[in-house]
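Worth saying up front: this structure is predicted, and the values here are computed from it rather than measured. Chain A is the first sequence line, chain B the second, and so forth, proteins listed ahead of strands; every chain is numbered from 1.
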Amino acid sequence: MKALTTIQSRFVPVNIENIDTDQIIPARFLKATTREGFGENLFRDWRYYNDDESKTRADFPLNMSQFDGEILVAGKNFGCGSSREHAAWAILDYGFRVVVSSFFADIFRNNALNNGVLPVQVSDEFLQRIFLQDNNTELTVDLEQQTIRINSTGEQEHFDINSYKKTCLLNGYDDIDFLLSNKADIETFEKQRV
Amino acid sequence: MAKSLFEKIWEKHVVKTIDDGPSVLYIDKHFIHEVTSPQAFTGLNKRGIRVFRPQQVVATADHNVPTLNQHLPIKEELSRLQVEALIKNCAEHGIELYGLGHPFQGIVHVIGPELGITQPGMTIVCGDSHTSTHGAFGSIAFGIGTSEVEMVFASQCLLQSKPKLMRINVEGVLNKGVVSKDIVLYILSKISASGATGYAVEFAGSAIRSLSMEARMTICNMSIEMGARCGMIAPDETTFAYIKGRKFAPQGAEWDKKVAEWKQLFSDADAPFDQEVFINAAAIEPMITYGTNPGMGIGVSETIPTTETINDTDRSGLAKSLAYMGLEQGAAIKGQKIDYVFIGSCTNSRIEDLRMVASFVKGKKKADGVEVWIVPGSKQVEAQAIQEGIDKIFEEAGFQLRQPGCSACLGMNEDKIPAGKYCISTSNRNFEGRQGAGARTLLASPLTAAAAAVTGVITDVRELLN
């Protein structure tokens, strides 16, 4: 997993609530057996009419040339629905390292953290402030300090992350390394419960 | 100290807890399928390690399989490759696979319970959000991502933070024509599609206790649609009677010992909950969704909400949802024409669901121009339906009984609803494009779906019941 410390970047706003993982990556694109290449189908059915790549929807932010950056900003309850980790892979593969929303679904939050994508949960008010910024505005997300700042205005908010996950992300460690280092305890637990 | 059902099971599975961090939670059963497991096996192979406890893993092929002509090779190449990868990975790692052609094959959340693998007090995971289904037996069961599948392969454990606890009490007696699917769609309409995010939900109350295991599974299945980490129901005599005698159920003296343990699995009288919700069962009517998340549901006799009448959670999305659905604010939902009827999925494809539909349609015929797909949840459900002659009733009604799989629930395999068409579906999600790009899904109970199949429009099934 790629470590993440500070991200300073412009952002892509998708001001829609309850974005489910079927929108992030439709099921028909889940047939791969590797983790790579999902980015091209990120938000597939919101980017194209009738699944036709020659018919882009001009009004969808990913298709608007004025928006760019490593930060995706979306409406509340982001990532609900299916547990497909392909949603996190698609977001990462497309080039995002941070998703900002005022609420995240549980499974998506875990999947993102397990792939080096940082979910930053902000207040509804702060989220609306971001959406009001123009397209050249940069945001700074500082994982060590657990802060997100709108650079042009200086407005800043603290975000929560559990300290174990924070350490993992700052260093690029994953849970499997940790669990494997606990094998002896796990085997002892198994013997004791029989 | 008084403890909840959730806490009793959780505490028995904590190997250790990291300071100011998650717990190492031991997993009893791990179900896998072809879509969310291949990258986890690849990860293991890259690390050069083997599945730690292969005997605690059970596999099936369900998401990608066709539901017609299952004896032939899968036509779609990528689907076939995924199913073949599962066969190869299970063989290499010594995992039991109930694949295509096996008499136990079926939707993962149907076969676990029907084989008696799912039992009270267990921790159960699967790389599928509807793993919450298994909580109906009084277990902690939840969906996980592929990285977590790899973690369980590697260590039979997961790192998990303890969720908050919510109890949803449904008291009273259900009205005629109202079934468990209506209960859960009603709860969703009240608390919204994110109303239980961050919580483990226990369903309780007299209306829940009166339900069969199949009906309880329907409710726990859709707890993820409220955002819940898991849904659960305390086991009781209904639970024990369902499990007894099933293939992997405990036998003899072991059975008595297990039942004695399972009888301790309930929330103590003073157990603390972070939130409690109270629902009056008598207030529920047959439900139908009109929008693009499962919280957007109404009673079948009601009108579609308007920007003024809708709850705060769904207000901002209402216009977009209704534009996608081709429906109008304030309009009646009853009488809306439908093109397809899908009765199946891990929510409603069990034998009881098929019996419910059969008893309603016996002697009736489907409406002209409507296509009706009945997709049993497993080979065992299919065999039981044929043994009971239910297949004949469907045939006479013009309903097509297909072969087991996830089918039209998720627009992944060959069974898709065409763009712009309306499908009344017993599945769990009405998201945009869920049943196929541009498909319009209305979620309902098997009974309400059967009524629409017969009339060709959204119908109040109560008007057709004697």
With chain B, the option among A:N182, A:D51, A:T188, A:D45 that has the most non-hydrogen atom pairs under 4.5 Å is A:N182

Whatever's closer than 4.5 Å to a heavy atom in chain B on A:N15 counts as neither

Residue from B:H63, B:H130, B:Q156, B:K12 scoring the most non-hydrogen pairs under 4.5 Å with chain A is B:K12

Honestly, the part of A:N18 sitting under 4.5 Å from a heavy atom of chain B is side chain

- [ ] Show your reasoning for whether side chain to side chain donor-acceptor pair (under 3.5 Å) applies to A:W89 and B:Q39.
- [x] CA-CA 11 Å; A:W89 299 336; B:Q39 292 89 348; over 6 Å; no

Tested for side chain to side chain contact (heavy atoms under 4.5 Å, CB included) against A:D175, the lone hit among B:M151, B:E148, B:E150 is B:M151

When the 4.5 angstrom heavy-atom criterion is applied to A:R193 and chain B, the contacting part is side chain

On a heavy-atom basis, the closest approach of A:S83 and B:G127 is OG-C, 3.6 Å

Check: Is A:Y164 close to B:D19 at the side-chain level, that is, under 4.5 Å between some pair of heavy atoms?
Finding: no

If one checks every heavy atom of A:T34 against chain B at 4.5 Å, the contacting part turns out to be backbone

Per-residue tally against chain B (heavy atom, under 4.5 Å) across A:P26, A:C80, A:A32 peaks at A:A32

Here the gap from A:D20 atom CG to B:E432 atom CD, rounded to the nearest 0.5 Å, amounts to 8.0 Å

Heaviest contributor of heavy-atom pairs below 4.5 Å to chain A, chosen from B:V24, B:V35, B:T131, is B:V35

Tightest non-hydrogen contact, residues A:R35 and B:S147, listed as NH1-OG, 3.3 Å

State, yes or no, whether a side-chain contact exists between B:K16 and A:I186 at a heavy-atom distance under 4.5 Å.
no

Honestly, the part of A:F189 sitting under 4.5 Å from a heavy atom of chain B is side chain

Using side-chain heavy atoms (C-beta onward) and a distance below 4.5 Å, is A:I16 in contact with B:K320?
yes

Okay, A:Q192 and chain B: the region with an atom under 4.5 Å from a heavy atom over there is neither

If you tally heavy-atom pairs under 4.5 Å between each of B:A419, B:S79, B:G21 and chain A, the highest tally belongs to B:S79

B:R429 side chain to A:G81 backbone, donor-acceptor under 3.5 Å:
yes

Residues 102-112 of chain A vs chain B, non-hydrogen distance cutoff under 4.5 Å, contacting residues -> A:F103, A:F104, A:A105, A:D106, A:I107, A:N110, A:N111

Most contact-rich option vs chain A, by heavy-atom pairs under 4.5 angstrom, among B:T42, B:L78, B:L158, is B:L78

In terms of heavy-atom contacts, A:E17 and B:S316 come closest through OE1-OG, 2.9 Å

So, the part of B:V14 with a heavy atom under 4.5 Å from chain A: the answer is backbone

Bottom line for B:I49: the part with an atom under 4.5 Å from chain A's heavy atoms is side chain

Chain A shares the most heavy-atom pairs under 4.5 Å, among B:G295, B:G198, B:P163, with B:G198

**Q.** Pair A:T33-B:F41, side chain to side chain contact (heavy atoms under 4.5 Å, CB included): steps then yes or no
**A.** CA-CA 10 Å; A:T33 51; B:F41 281 112; over 6 Å; no

Original post:
When you look at NZ of A:K166, are more than 12 heavy atoms from neighbouring residues, nucleotides or ligands closer to it than 6.0 Å?
Top reply: yes

Evaluate side chain to side chain donor-acceptor pair (under 3.5 Å) for B:D20 paired with A:S163, printing each intermediate quantity in order.
CA-CA 7 Å; B:D20 191 28; A:S163 59; 3.0 Å; yes

So, the part of B:F153 with a heavy atom under 4.5 Å from chain A: the answer is neither

One should read off an interatomic distance between B:N293 CG and A:I19 CD1, to the nearest 0.5 angstrom, of 12.5 Å

With chain B, the option among A:T167, A:N162, A:L30 that has the most non-hydrogen atom pairs under 4.5 Å is A:L30

Could you go through the side chain to side chain contact (heavy atoms under 4.5 Å, CB included) check for A:E190 and B:V15 one step at a time? CA-CA 9 Å; A:E190 285 181 324; B:V15 176; over 6 Å; no

Pair count under 4.5 Å, heavy atoms only, with chain B: among A:N114, A:T21, A:L179, A:N115, highest is A:L179

Honestly, the part of B:Q160 sitting under 4.5 Å from a heavy atom of chain A is side chain

Honestly, the part of A:N50 sitting under 4.5 Å from a heavy atom of chain B is neither

For B:G411 and A:A27 the tightest heavy-atom approach is O-CB, 4.1 Å

Turns out that what part of B:S161 lies under 4.5 Å from chain A's heavy atoms comes down to side chain

Honestly, the part of B:E76 sitting under 4.5 Å from a heavy atom of chain A is side chain

Scored by heavy-atom pairs under 4.5 Å with chain B, the best of A:R44, A:K165, A:R28, A:K183 is A:K183

Under 4.5 Å to a heavy atom of chain A? For B:N428 that would be neither

When every non-hydrogen atom of A:E85 is compared with those of B:T146, the smallest separation belongs to OE1-N, 2.7 Å

The reported gap from CG in A:D185 to OG in B:S155 (rounded to nearest 0.5 angstrom) is 11.5 Å

Counting heavy-atom pairs under 4.5 angstrom with chain A, the leader among B:T313, B:T292, B:I144 is B:I144

Whatever's closer than 4.5 Å to a heavy atom in chain A on B:D28 counts as side chain

Residues 221-231 of chain B vs chain A, non-hydrogen distance cutoff under 4.5 Å, contacting residues -> B:I224, B:G227, B:R229

Residues A:K31 and B:M412: closest non-hydrogen pair is NZ-O, 2.8 Å

